[in-house]
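Accompanying notes for the structure given below.
What's counted below: heavy atoms across the whole structure, side chains too, no hydrogens, waters or symmetry copies.
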Amino acid sequence: MKRRIKIKGWIAAVAAAAVLAAGCGVRTDTPVESGATAPEETTIAQTSGAEKPTHPEPSTIEPFPTEPPETETVAEKPAHATRVVLMTDIHYLAGSLRDEGEAFTTMVNHGDGKLVNYVEEIVDAALEEAISQNADVLILSGDLSLNGEEDSHKELAKKLDKVELAGIPVLVIPGNHDINNPKAAGYQGKDIYPANNTDPAEFAEIYGEYGYDEANSRDSNSLSYTYYLDQDTCLLMLDTCQYEPRNQVGGMIKTETYEWIEQQLDEAEKAGMRVLPVAHHNLLDESKVYVDDCTIEHSDRLIDLLEERNIPLFLSGHLHVQHFMQHDDIGIYEVVTSSLATPPCQYGVLDYMSDESFSYHTRQVDMERWAKRHHVTDENLLSFDTYSPPTLNKIFYNQAYDAMKDSKEEEKAGDLFVKLTPSEKQQMSQVYADINAACYAGKAVDVVEEAKERPAYKMWQEYCYPAVLFEYLEYIVEDAVKDYNVLEVD
């Protein structure tokens with residue numbers, strides 16, 4: 001007889017809210033008592049020694065290259081193409097707001113996969129590569145900070161200046177974590193303490209040199225703007241976030257902003273310019289599980305505006321998962337680039353042709369090459385390709401294990417809770433981690449057939465518990481029909 005768990009609507013809603021606490025990447029937020037871990041739980045190994053070398057001193061960092069190193073392969077940019085490098089969901093946390101203490105380590109180990117412990121190094125390496133990619137523009141499409149800390153925004157903004165000094169404009173828009181976020185915090189030892197957050201005006205001031213002060217038009221009702229990259233290309237940078245009076249996970253666009261968007265599209269059309277729209281939240285239902293918090297609310301209106309003008313492509317982030325799809329199989333394409341902070345720590349490279357055909361692919365940040373080049377001594381960075389995949393797998397293992405470790409067998413108010421053995425929890429957590437890690441990279445197609453044959457996957461199907469994670473797992477398997485890292489449209 002199959003043992004299934006029945007969850008009432010309000011219980012499922014609470015669970016879903018917990019899962020979406022950090023955005024649309026799946027996570028659980030089960031509190032962990034100080035110093036206590038389950039014996040079956042896996043934790044991230046830290047570099048041994050009293051002091052962990054995480055970053056070279058500023059004086060030892062070489063200037064950003066103007067030409068790519070000989071060891072780096074850069075795809076040739078086609079003639080008549082605009083090359084866009086897209087990075088998203090960086091979730092940068094200022095070094096002054098963290099240490100390697102218990103609170104910070106627990107946050108990383110039990111988070112949603114972001115390597116916040118190495119986010120500074122990942123960003124530095126990625127920005128170097130953006131320059132070497134022969135990019136015409138670098139776009140950061142939201143969730144620039146971990147939780148909207150003012151210091152995180154300021155520290156990241158300083159790093160972006162090096163890219164502009166290399167002759168590449170940088171454009172940013174906010175994500176749901178970035179503005180009026182009451183979770184802005186720092187980490188010291190066992191303590192988590194409040195940090196200054198960022199309001200809309202401060203965000204526009206901090207990133208003034210990266211879009212807002214250079215905009216051709218700014219919407220007075222949001223942080224949306226247009227930027228004319230050249231005489232033929234209009235970048236429509238859309239603020240889809242809700243942050244009054246505080247931030248929310250889901251996205252929407254105000255009625256007044258829609259009026260501004262329509263005006264900008266009309267002006268670009270009259271000028272014969274192609275339009276490339278960019279947002280943090282998704283235009284299409286890229287995830288069937290998290291539609292309400294990932295897809296822009298009432299996005300049909302925006303889809304209609306874009307498709308009426310035959311705009312072929314929309315860029316976004318937020319989901320943390322590498323993905324793309326086409327509206328109704330004949331309409332606009334949307335490409336969702338995965339989180340830069342989450343292994344495989346990749347970014348998107350888009351060649352947008354003058355005839356509005358396009359070619360998109362992802363590139364994994366070469367952390368090992370960067371670490372060797374800058375004489376970094378941290379073994380995790382020097383062996384990043386070995387360190388990061390199992391680290392992400394361990395985080396997702398903890399995510400599933402945390403969600404099911406309090407399972408119990410009892411009858412209460414008509415709800416049957418299933419009791420899982422330690423072995424079942426371990427096996428189920430591992431298969432979840434394997435499938436989810438591949439999904440984040442856009443490569444679930446490479447692992448699902450083998451994973452479906454494992455006894456642990458059949459346990460998920462038998463118990464359907466935890467319900468939110470089971471629903472998510474089933475969606476991944478259903479959606480794993482292609483590699484989502486390459487898209488070419490003529």
Side-chain angles (χ1 to χ4, degrees), residues 1-7 11-12 15-16 18-19 25-30 32 37-45 109-113 287-290 320-323 342-344 386-410 415-484:
M1 177 179 176
K2 290 186 177 181
R3 294 179 288 170
R4 293 185 179 273
I5 178 166
K6 301 174 183 177
I7 301 185
I11 298 177
V19 166
V26 177
R27 66 170 293 173
T28 56
D29 289 309
T30 306
V32 179
T37 57
E40 301 87 357
E41 182 179 28
T42 310
T43 56
I44 298 174
N109 289 350
H110 297 268
D112 59 350
S287 170
K288 294 181 181 178
V289 180
Y290 301 115
H320 287 204
V321 173
Q322 185 64 41
H323 204 263
T342 304
T386 302
Y387 162 79
S388 61
T391 298
L392 180 64
N393 195 283
K394 291 172 185 177
I395 292 173
F396 288 153
Y397 177 98
N398 289 345
Q399 186 183 93
Y401 189 88
D402 287 347
M404 67 177 70
K405 68 181 180 182
D406 294 326
S407 65
K408 54 187 176 180
E409 189 171 25
E410 64 180 27
D415 295 329
L416 177 64
F417 291 83
V418 67
K419 184 176 180 63
L420 300 174
T421 68
S423 177
E424 287 176 325
K425 293 177 186 179
Q426 292 172 29
Q427 293 179 66
M428 291 171 66
S429 296
Q430 190 58 64
V431 76
Y432 171 86
D434 293 345
I435 295 175
N436 198 25
C439 172
Y440 267 52
K443 293 181 176 291
V445 67
D446 294 343
V447 304
V448 293
E449 291 305 317
E450 181 273 333
K452 285 164 59 178
E453 297 303 316
R454 289 156 63 177
Y457 181 77
K458 300 183 188 305
M459 292 177 198
W460 279 99
Q461 291 182 308
E462 179 180 355
Y463 302 142
C464 304
Y465 175 79
V468 171
L469 297 189
F470 170 70
E471 184 181 3
Y472 177 63
L473 201 59
E474 290 291 276
Y475 161 70
I476 295 175
V477 171
E478 177 186 346
D479 186 63
V481 295
K482 64 185 72 172
D483 184 330
Y484 289 101

If the condition is salt bridge (Lys or Arg N to Asp or Glu O under 4.0 Å), which residues does Lys458 pass it with, not counting sequence neighbours? none
List in chain and number order the residues that pass salt bridge (Lys or Arg N to Asp or Glu O under 4.0 Å) with Lys452, two or more places apart in sequence or in another chain; answer none if no residue qualifies.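 Salt bridge (Lys or Arg N to Asp or Glu O under 4.0 Å) list for Lys452, sorted by chain: Glu449.
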Closest approach of [X] and [Y], non-hydrogen atoms and distance?
X      : Y      : result
Val445 : Asp483 : CG1-N, 3.9 Å
His320 : Tyr440 : O-CD2, 3.5 Å
Ile395 : Asp112 : CG2-C, 4.3 Å
Lys425 : Leu420 : CE-O, 3.5 Å
Ala438 : Val447 : CB-CG2, 3.6 Å
Asp479 : His323 : OD2-NE2, 2.7 Å

So, do [X] and [Y] sit near enough that their side-chain heavy atoms are less than 4.5 Å apart?
X      : Y      : value
Tyr484 : Val321 : no
Glu450 : Asp434 : no
Met404 : Tyr463 : no
Tyr397 : Gln426 : yes
Tyr472 : Tyr432 : yes

Show your working on side chain to side chain contact (heavy atoms under 4.5 Å, CB included) between Asn436 and Gln399 and close with a plain yes or no. CA-CA 11 Å; Asn436 198 25; Gln399 186 183 93; 3.9 Å; yes
For the CZ atom of Phe470 and the CD atom of Glu462, what is their distance to the nearest 0.5 Å?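 One gets 11.0 Å once the value is rounded to the nearest 0.5 Å.
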